[in-house]
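A, B, ... follow the sequence lines: proteins, then strands. Residue 1 opens every chain. Computed from a predicted structure; not experimentally measured.
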Amino acid sequence: MQRSYQVIYETLFNHYGPQNWWPADTPFEMMIGSILVQNTNWRNAEKALTKLSPFLEPEMIDRLPIEELAELIRSSGFFNIKAKRIKAFIDWFKTYHYDIEEIKKMNRQGLRRELLSIKGVGKETADVMLLYAFDKPIFVADAYVRRIFHRLGYDIPTSYDGLRERVEERLPNDLVLYNEFHALLVEHAKQFCRTKPICDGCPLFDSCDQRLD
DNA sequence: ATCCGGAGTA
DNA sequence: TACTCCGGAT
């Protein structure tokens, strides 16, 4: 039986409580983190972020030789590619003089298009940046989210934007809501709805078709 | 030894 | 659609 997205949100919120993801530390750290976490879990990305922490200023990363950058972020995996991607992102950021407030003045669509033009920033990474660094309400429709909704029994669009728009059509356009909802879904995917799901004690058990693929 | 991980590009 | 990249967990 398919419940509304709103009910799923409320159930997760009641179980896990507010996640308070944003200003994790700084918007800049969030942007770098969104690249480091590609094809990895947050644990590995966080290790890289810790090693990188003495250099977590746009100017410092800009000056850092790409080989040194790659070595610092080794623990996140795919470090050569990610070093290149971080550099490409910094190059774009520099054209706005590293001024986040200035970038925030852009509308959601326009900023999304710009982010997508950066080599190494795809839809998911762009949306994480939009939501958690640039305060734009957007639903991040990543692999965790897709897995959870699929198992719940939702008939979901196959494309990334299809799923994103489907959810956005059914929820109020609210920054805090999208911020919390995605954080809750990630937490749920880590605690219960893993690759190999742990259905015992799952807060969504009653709303779930329990398809174990 | 194998598989997974909040993908991205051509 | 296929190809890519690499550390950590099991």
Side-chain angles (χ1 to χ4, degrees), chain A residues 5 8-9 12 16 19-22 24-25 27 29-52 66-92 112-134 136-152 154 156-164 166-168 178-198 204 212-213:
Chain A
Y5 292 100
I8 298 300
Y9 170 75
L12 291 176
Y16 296 106
Q19 297 300 298
N20 254 355
W21 255 27
W22 66 112
D25 274 316
E29 182 174 333
M30 189 69 225
M31 295 185 277
I32 300 300
S34 70
I35 294 174
L36 291 175
V37 79
Q38 291 171 354
N39 297 286
T40 319
N41 52 46
W42 184 252
R43 286 176 57 91
N44 295 345
E46 204 168 33
K47 287 178 188 171
L49 219 40
T50 301
K51 281 201 171 185
L52 197 58
I66 194 163
E67 297 82 6
E68 290 181 34
L69 176 59
E71 199 51 43
L72 286 164
I73 63 173
R74 174 180 282 273
S75 63
S76 69
F78 305 92
F79 53 87
N80 283 319
I81 293 183
K82 288 178 181 178
K84 216 175 284 180
R85 292 178 178 182
I86 288 172
K87 283 291 191 181
F89 172 74
I90 293 288
D91 286 344
W92 171 81
R112 190 171 197 255
R113 265 192 292 273
E114 283 221 14
L115 291 171
L116 289 175
S117 75
I118 302 168
K119 280 217 169 195
V121 177
K123 289 172 180 174
E124 191 177 319
T125 304
D127 290 348
V128 170
M129 289 186 186
L130 285 165
L131 180 60
Y132 291 103
F134 297 114
K136 302 295 183 187
I138 196 158
F139 184 78
V140 182
D142 63 23
Y144 280 160
V145 171
R146 182 169 292 280
R147 183 166 78 206
I148 292 170
F149 288 148
H150 179 255
R151 285 187 180 147
L152 287 173
Y154 283 51
I156 50 178
T158 52
S159 75
Y160 176 92
D161 282 321
L163 175 55
R164 178 177 64 77
R166 173 75 57 88
V167 177
E168 287 177 358
Y178 286 127
N179 191 320
E180 284 291 346
F181 196 16
H182 186 251
L184 287 165
L185 287 164
V186 170
E187 188 58 29
H188 183 63
K190 288 198 283 198
Q191 288 200 27
F192 291 97
C193 213
R194 305 180 181 180
T195 306
K196 191 185 170 81
I198 300 169
L204 294 178
L212 305 181
D213 299 315

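OP1 and OP2 of dG8(C) both lie 4.0 Å or more from every side-chain N or O belonging to R74(A). Look at K119(A) and you'll find a side-chain N or O under 4.0 angstrom from OP1 or OP2 of dA10(B).
Taking atom CG on L36(A) and atom C1' on dG8(C), their separation rounds to 16 Å, with Å as the unit. Rounded to an integer number of Å, the gap from CD of Q38(A) to C1' of dC6(C) is 13 Å. Straight-line distance from the CZ atom of F78(A) to the P atom of dC5(C): 9 Å, rounded to whole Å. Look at CD1 on I73(A): it is 11 Å from P on dC6(C), rounded to the nearest Å.
Residue K82(A) is classed as having no contact, given no heavy-atom separation below 4.0 Å to the nucleic acid. Across all strands shown, S76(A) has no heavy atoms under 4.0 Å from either base or sugar-phosphate atoms. Counting non-hydrogen atoms under 4.0 angstrom, V128(A) reaches a base of the nucleic acid.
Atom CG of L163(A) and atom CD1 of I156(A) lie 5.5 Å apart (nearest 0.5 Å). The distance from atom CG of L184(A) to atom CD1 of I8(A), rounded to the nearest 0.5 Å, is 11.5 Å.
Using a 30° and 60° split on the angle between ring planes, F139(A) and F181(A) fall in the tilted class, from 30° to 60°.
With a cut-off of 3.5 Å on both Watson-Crick or G-U wobble distances, the partner of dA7(B) is given as dT4(C).
Residue whose closest nucleotide on DNA chain B sits further toward the 5' end, between G122(A) and N39(A): N39(A). Nearest-nucleotide positions on DNA chain B for I118(A) and V186(A) put V186(A) closer to the 5' end.
By the 4.0 Å N-to-carboxylate-O rule, E46(A) lies too far from R43(A) to be salt-bridged with it.
Among dC5(C), dA9(C), dC6(C), the nucleotide with an atom closest to any side-chain atom of F79(A) is dC6(C). Side chain of S75(A), nearest nucleotide from dG8(C), dG8(B), dC6(C): dG8(C).
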